[in-house]
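Take a look at the structure set out below.
Order of appearance sets the numbers: ligands from 1, and atoms from 1 within every ligand.
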Amino acid sequence: MPLLTFASPKGGVGKTTLAANVASELSRAGCRVMALDLDPQNALRLHFGLPLRERAGFTHILPQRPDWRSCVRETPAGIPLLAYGAAGMHETIALDAAVTADPDLLLQPLRDILATPEIWLVADTAPGPSPLLEALLRCTDLLVTVLLTDAASVSLIPSLERGGMLADEWAAQAGVPSRFVLNQFDPRTRLGGVILDAARQHLGDRLLGVVYRDEHVAESIAAQKLLADYASASKATHDIAAIARGVLALMRSAGQDGPETEAARA
Ligand SMILES: Nc1ncnc2c1ncn2[C@@H]1O[C@H](COP(=O)(O)OP(=O)(O)OP(=O)(O)O)[C@@H](O)[C@H]1O
Ligand SMILES: [Mg+2]
């Protein structure tokens, strides 16, 4: 079943927030979703109500070839999680080197998970390029690159037009479908409008969605809750639900079966 990967060239743009909440919306639409955290920050778990003090994980022990089934953690939010796990700097560097030398350390369990009927895997990644992301892209069905609605993103847009950037470029080479989300859009600022126009013009239908800047997002993370559970009527909740519907439509057109729900048909 499908693997959906969230990535970005820049850090702090909303990858983890979107990965967690799109996973939640897909689950609400009837998909059997599992989340995978490939970022040593371990932040994905916070959205699912799992405290950081829990050290167990999956990604950081990949060189030990763990059975992924025994590493899946049920979470208070109801989305099963394969966490990164607590790892120091040396362990993280050693893991990157191990996966560079042998990408199958990640690819083998991924293929096994994706062969499981019905599971939709949603992966969160560390910012920028990494050996884990490079391996992940080989199994990815849809890459979602998150861009912030800020001045630095404006400067990146021309490079998008020239053929991509980082993960998006690799995805193009590997023939992986790739889409973009503009996050933290603020319609009250002039720059926000300029960036949105530029993104629409340059990305066309590769712009999967726009998420408004919304204080409920930060509050939901502080409350260790999914956004839809914390503020179901918020603007960002609606924006993210629309992105999940877009994902379902794309996966369906690619031949991946989704649940027959109203959300999927919309
Ligand atoms: N739409 C939004 N509106 C308001 N705040 C947001 C929105 N999206 C994300 N944020 C805030 O932006 C910050 C960064 O979000 P997040 O941790 O998801 O980014 P990230 O890309 O995963 O970061 P990193 O690169 O460090 O992994 C968080 O404090 C989050 O609450
Ligand atoms: Mg993150």
At a 4.0 Å threshold, what atoms of ligand 1 neighbour a non-hydrogen atom of [X]?
{"X": "Ala218", "value": "31 (O)"}
{"X": "Pro127", "value": "25 (O)"}
{"X": "Val211", "value": "1 (N)"}
{"X": "Gly14", "value": "15 (O), 16 (P), 18 (O), 19 (O), 20 (P), 21 (O)"}
{"X": "Asp39", "value": "27 (O)"}
{"X": "Gly11", "value": "25 (O)"}

ask   = Could you walk me through whether Leu95 and Val99 pass the side-chain contact (heavy atoms from CB on, under 4.5 Å) check?
value = CA-CA 6 Å; Leu95 173 67; Val99 173; 4.0 Å; yes

Structural part of Glu215 in contact with ligand 1, heavy atom criterion under 4.0 angstrom = neither

query = Taking heavy atoms and a distance under 4.0 Å, where does Ala236 meet ligand 1: side chain, backbone, both or neither?
reply =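 Ala236 to ligand 1: no contact under 4.0 Å from either part.
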
Electrostatic pair [X]:[Y] at N-O distance under 4.0 angstrom:
{"X": "Arg213", "Y": "Asp186", "value": "yes"}
{"X": "Arg65", "Y": "Asp102", "value": "yes"}
{"X": "Arg111", "Y": "Asp104", "value": "yes"}
{"X": "Asp229", "Y": "Arg28", "value": "yes"}

Could you tell me the residue and atom name of the protein heavy atom closest to [atom], and the distance to it rounded to 0.1 Å?
{"atom": "atom 11 (C) of ligand 1", "answer": "Gln184 NE2, 3.7 Å"}
{"atom": "atom 3 (N) of ligand 1", "answer": "Asp214 N, 2.9 Å"}
{"atom": "atom 18 (O) of ligand 1", "answer": "Thr17 OG1, 2.5 Å"}
{"atom": "atom 8 (N) of ligand 1", "answer": "Asn183 ND2, 2.9 Å"}
{"atom": "atom 27 (O) of ligand 1", "answer": "Gln41 NE2, 3.1 Å"}
{"atom": "atom 30 (C) of ligand 1", "answer": "Ile221 CD1, 3.7 Å"}
{"atom": "atom 22 (O) of ligand 1", "answer": "Thr16 OG1, 2.7 Å"}

key: For the Mg ion (ligand 2): protein N/O/S atoms at distances below 2.8 Å   = 1

query = Testing Val122, Thr17, Leu81, Ile79 for side-chain contact (heavy atoms from CB on, under 4.5 Å) with Leu44, which one passes?
reply =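 Running side-chain contact (heavy atoms from CB on, under 4.5 Å) over Val122, Thr17, Leu81, Ile79 with Leu44 returns exactly one hit, Leu81.
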
key: Name of the residue among Leu250, Leu203, Leu207, Ile243 meeting side-chain contact (heavy atoms from CB on, under 4.5 Å) with Arg179   =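 Of Leu250, Leu203, Leu207, Ile243, side-chain contact (heavy atoms from CB on, under 4.5 Å) with Arg179 is met by Leu250 alone.
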
task = Compare every heavy atom of Pro2 with every heavy atom of Leu114, then report the nearest pair and how far apart it is.
result = CD2-O, 3.8 Å

key: Ala77 versus Leu226, closest heavy-atom pair with distance   =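 That would be CB-CD1, 3.5 Å.
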
ask   = Can Ile119 be reached from Leu136 by stepping across I, L, V, M, F, W or Y side chains whose heavy atoms are under 4.5 Å apart?
value = yes

ask   = Is Leu105 reachable from Ile93 through a run of hydrophobic residues whose side-chain heavy atoms are each under 4.5 Å from the next?
value =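 No.
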
ask   = Can you find a non-hydrogen atom of Phe185 under 4.0 Å from ligand 1?
value = no

query = Do Glu54 and Arg73 have side-chain heavy atoms sitting under 4.5 Å apart?
reply =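 Yes, close enough: below the 4.5 Å cut-off.
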
Arg55 atom CZ: more than 12 heavy-atom contacts under 6.0 Å =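 Not buried by this count: 12 neighbours or fewer within 6.0 Å.
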
key: Glu219, CD: over 12 other non-hydrogen atoms inside 6.0 angstrom   = yes

ask   = Going by distance only, is there an N or O of Gly12 that falls short of 3.5 Å from an N or O of ligand 1?
value =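 Indeed, backbone or side chain, Gly12 has an N or O that close.
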
